[in-house]
Amino acid sequence: MGDWKTITVPVLSSDSKNILSYTSERKISPTSMNSQVLRFSLPSSKNMHSFFSAFCTEENIEQSISYIDRELTTLGFPSIYAESKGKELNLVSIINCMNELLALQHKNLRAQEEVEMQHMKLGSDMDHLQNCYAKLKDQLELSKREIVGLQERDRQLQSKNRNLHQLLKNEKDEVQKLQNIISSRATQYNHDMKRKEREYNKLKERLHQLVMNKKDKKIAMEILNCVGRADGKRGAWRTDKTEARNEEEMYKVLLSDYEQRQKQLLLENAELKKVLQQMKKDIISLLPPQKQKPKEKSEDGLVLSDQEEDIGELNKENMWELSCETVREQLTNSIRKQWRMLKNHVEKLDNQVSRGHSGALNEKDVISREDHELETEKLELEIQQCKEMIKTQQQLLQQQLTCDDDTTLLLQDCYLLEERERLQEEWRLFREQKKNFEKERKSFTEAAIRLGLERKAFEEDRGAWLKHQFLTMTADCKSENATTPSAFLRSKYLVQIMFLHSSEPDIRLVKSASRQRKPPSVLSTPVSAETCQYIAQNSVASEKPAADNLPNLWVESDDKEETE
Amino acid sequence: ASCVQHRLVVRDASSLQLLQLYTCLDQIQYIEWSSDSLFILCALYKRGIVQVWSLEQPAWHCRIDEGSAGLVASCWSPDGRHILNTTEFHLRITVWSLCTKSVSYIKYPKACQQGVVFTKDGRYMAVAERRDCKDFISIFVCSNWQLLRHFDTETQDLSGIEWAPNGCVLAAWDTCLEYKVLLYSLDGRLLSSFRAYEWPLGVKSIAWSPSSQFLAIGSFDEKVRILNHVTWKKITELDHPATIASKKTIVYKEVEKSPTVDTERLSFPPTRELASSLFSTQSKYDISQVPVSLQYVKPVADRANPKVGVGMLAFSADNCFLATKNDNIPNAVWIWDIRKLKLSVVLEQLCTIQCFQWDPCQPRLAVCTGTSRVYLWSPAGCVVVQVPGEGDFQIVSLSWHSSGDSMVLLSKDNFCVCYLEREEV
C-alpha cells in the first residue's frame, strides 16, 4: 500500500499544535509524493473537531472538495461531483463514498487490531523464546562444564590406570629379575657346593687311606664264639651263581607283586563290569515299552536292535571275561546310549508333567497320552479284578456265616477227620522209625562189645610183642655207648609204653595197631620215632573220657579220622 | 631294655622285673635289639666301640672296635647276625658278621637323614651313596651282602630313601631346597618322579601306607600330598589351615580341669598323694564347636630349617587313618580318614606335641606333649591318661609294644610302662 508515516499536514498549519502525534490521516500516494507515515487512530473528540475544522474552512470549500474528489477518484471511488460539469455535489456518491470509507476504516481497524494482537503474540513468543534461549544457554554452559569435569576425571583415571600398568610391569620385571637372580645364585651355589664337596671327598679319601694304612690292631672284632645264623643255614660263598640267583629272586619278588596287583585289578574290573551290566539291564527295563508310532519307529528300531544285541551279549557269559578293547568299548558305548535314552525319556516325562499341569497339548503329548491311557486301562482292569475278588470273598464269608449249623458242623468234622488221619499216619511212621533206631542201637552195642573183646586180645598181643622189643632193645643198648638221638627217642618210647600199659584200652589203639602191623619187623629209628609220635598223639587223645563209649561211638570215630 | 650311663638293664616287658644287667666300657649312646630278640647291641660312639650282649647266654660277649675310624651310627641287619657301623665323617659302612667274623665295607655312604634302609621282609637293603658329586643308590641282598643294583638318581642332594612295605618300590626324596620325589622299582628302574612346585622349600617328611597303596609327602608349604601306587600321581592334597570350618570335623581340645578336693577329707599334715594331686593339673578333653581357630606360630624368616610345614606323618596300622603334625600349628594333631580323604579329627593340646605313634594292631594313636600325661585317641573317642606318681614326669617320647597291649613312656631320666586293658568280650 503505502508508507505509514506521521504527517504534519502543513496546509492546515493553524492547528498543528493540536495535532498530536497520534492524529494521522491515511494517505495513499506514489513514492514521489509525500513520504509521510500516517498513524491512524481514533482522535480524541476535541482534536477531531479542531481537525475537521482545520482541513476545511469556509474559504477553501471548493479547494477541499476538489481535493477530496481527486483523492477519492485516485482511490477508485466514484467522483463526488455530479455528472454535469459544475460544482454540484452528488450527495449520493458522497454518502456512498463516506460509507465506503467508514467500511474501510472498520476494516482497517480490525486489521490493525489483528496485527496488534499478532504483534503482541509475537512479542510474547519472542520473550518466551528468549527465556528459553537463556535457559538453554545456561544449561549448555553447565553441561559444558560437566563435560570438562568428566573429561578431567577420565584423564586422571586413565593416567592412574597407566601408572598401575606401569607398576605391574615393573613388578613383573622385578619378579623375573629376582627369579633370574635366584636361578643364577642357585647355579652358583651348586657350583660352590660341588667344589667344596670335591675338596671334602679328597679329605675323606685321604683320611680313609690313613685309617686303612694304619692297620692298627685296634680295628678288630673280639667275639667269644661265633653265633649260628638265624635261619640255621651255613653262609654261602659269593659266586656268579649266587648273583644270578639273587637276580632271579628279585625278579620273582617283583613279579609276584605285579601278579597280585593284577589279580586285584582283574577282580575289581570284573565286579565293575557286573555292576555295569546290571545297570544296563535296569536302564533297559526302565525305558518305555515299544510302540508302532512312525515317529518313534526309528528310535524303537534302534532300541529293539540294541536290546536284541544286548540280550545276545548278556547270554554269552564268556563275553564278561574278555577284556579286549572292543568288548570294553561296546559295553561302555551301549551303556552310554541307554543312559542317554533314559535321560531323554525322563526329560520327556518332565516336560509332559509340566505341560500337563498347564493343560496344553502337543503332538508329543499324543504319545504320552497313549501311554497314560494304557496305564489307566491297566489300572482299571486291576481294579476290576480286585473288586471281583472282593465280591467272591464276601460271598464266601457270607456263606460261612449264614450257612446251616449242620453243614458247618459237618465241615468241621471233615477237617478234624482229615487231621486225625494225618496224625495217625505220622504216628505210624514215627513208631517204625523208633523200631529201626532200636535195632540199629542193638547192633552197634553188639559191635562195641565185639570190638572190646578184640581190643583186649590185641592188647595182650601187643604186650607180648613190646616185651620182646624191650628185651631185644636192651641187648642193642649195651653195644652202643654214645648218647645219640636214637637212644634218646628209644628211652622216650619206653616211657610211653609204660604209660600205655596203665591206660585203658581204646578204639583208637586198634587203628594204630593196624598201622603198626604194617612195618612190624623193621626196627630202624625213624619208624620207631613215627610210632612214638602216633602213640604220643593217641596218648594225648586218650585223655578224653573213655567212659562215654556207646552213644557217642560214631562221634569218636570222626575224631579218630581227624587225628589220623 | 634300657641303659643307664654305662650299664645295660634288661627287664621283662610284662612285669618289669630285672632280668639281666650288663656293664659296658663307657657311656652308652645307643642300644638296639636284634630282630630275633636274642642280642642287644650297645654303641659307644665316643669310644668307637660296639658291644653285643646275648640274652640266652649272659656270659657271651662281643666287642667291635672301630678304632681311629670312629663311630657315628650303628644298627643291626634284619637277620640279626650282622652289625652295620657307620664310621665318622661317613667314610664307610662296615658290615661285621657275628657268624663268620668277616668284614665287608660299603664305600661312599651318604650323610643324610635316612641313608640305609631295609625292606620289611629283610631281604634287601638300600644304601644312598654319593660319588663325584652325584647321588647313587645301591641295593644289596641281605643274605650274602651281594650288590644287586647300583644306579644314579636325578637328585641334587638326596635327603632320604624309604622302602614301601611290600618291598618292591623305593622312594627317594631330594633336599628341602628342591621338591622332588623319585620312585624306583626293586630292580632299579625309575618308575616315576613327582614334583609339586619349584621354588619354595620342599619335602619335609614322607610316609608309606602299610598296604603300599599310598605315599604321603609332607612339605614345607603346610600341605600333604598323597600319591597312589597305580599311577604315582597325586590323588589329593591335604591342607592344614589355621581355622577349621568344616562341620564334619571333630575338634578335641585339651582343657585344664581344676583339681577338685574334698574339703572334708583334708588331713593335716597333708598326705603326699593329696599334695601331688593339688599341684598337678588335671586335664580332660572337650569338644570345641566348629569353626575353631588354632594357635598359629609364624616362623622366623631368617633361620634355616624353619619350623614350618608338615613335620610328622604316620599311617595307622589298618591303613584307615593318617596322623599329621603341622609345625606351624605345633599344638595340634590332625587325623585324616584315608577312606574318605577328609579331615576327621583334630586334637588340640595345651603344649607342643613331642611325639605320636600308632598302635601296631588297632587304630589307636598315642600322643605325648612333654607333660606328664599321655593322650590316646581312637575312633571311639579320646582320653587323657595321667602318669601317676610324685613329681613331674615329662614324657618326651613313647613307643608301643608290638602286641598293642602296652607302651613305654620315656622322659629324660626315667621311663614307665603303660599297660592297656583289653576289653572283656
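Chain naming here is simple, since letters A, B, ... match the order of the sequence lines and numbering starts at 1 in each.
- Heavy atoms from other residues, nucleotides or ligands lying under 6.0 Å from OH of Y258(A) number more than 12.
- With a 4.5 Å cut-off on non-hydrogen atoms, S256(A) does not touch chain B at all.
- With sequence neighbours excluded, the residues that form a salt bridge (Lys or Arg N to Asp or Glu O under 4.0 Å) with E247(A) are R149(B).
- Between the CD1 atom of I182(A) and the CD atom of E198(B) there is a distance of 10.0 Å, given to the nearest 0.5 Å.
- With a threshold of 4.5 angstrom between heavy atoms, Q51(B) does not approach chain A through any atom at all.
- Rounded to the nearest 0.5 Å, atoms CE (M250(A)) and OG (S185(B)) are 7.0 Å apart.
- Between atom CG of residue L186(B) and atom NZ of residue K252(A) there is a gap of 13.5 Å, rounded to the nearest 0.5 Å.
- A distance of 7.5 Å separates CZ of R261(A) from SG of C168(B), quoted to the nearest 0.5 Å.
- Shown here are the side chain to side chain donor-acceptor pair (under 3.5 Å) partners of R130(B), two or more places apart in sequence or in another chain: E197(A), D135(B).
- Both the backbone and the side chain of E249(A) come within contact range of chain B, judged by heavy atoms closer than 4.5 Å.
- Using modelled atom types, no side-chain atom of Y108(B) and backbone atom of N201(A) make a donor-acceptor pair closer than 3.5 Å.
- Taking both residues in full, the closest heavy atoms of Y200(A) and F89(B) are given as OH-O, 3.6 Å, listed atom of the first, atom of the second, then distance.
- Interatomic distance, CG of D187(B) versus CG of L254(A), reported as 5.0 Å (0.5 Å rounding).
- For D121(B), no part lies near chain A; criterion is any non-hydrogen pair under 4.5 Å.
- Comparing L148(B), D132(B), L177(B) by how many heavy-atom pairs each has under 4.5 Å with chain A, the most go to L148(B).
- Between C133(B) and K194(A), the shortest heavy-atom distance links the atoms SG-O, 3.7 Å.
- If you take CG on N246(A) and OH on Y124(B), they are separated by 7.0 Å, rounding to the nearest 0.5 Å.
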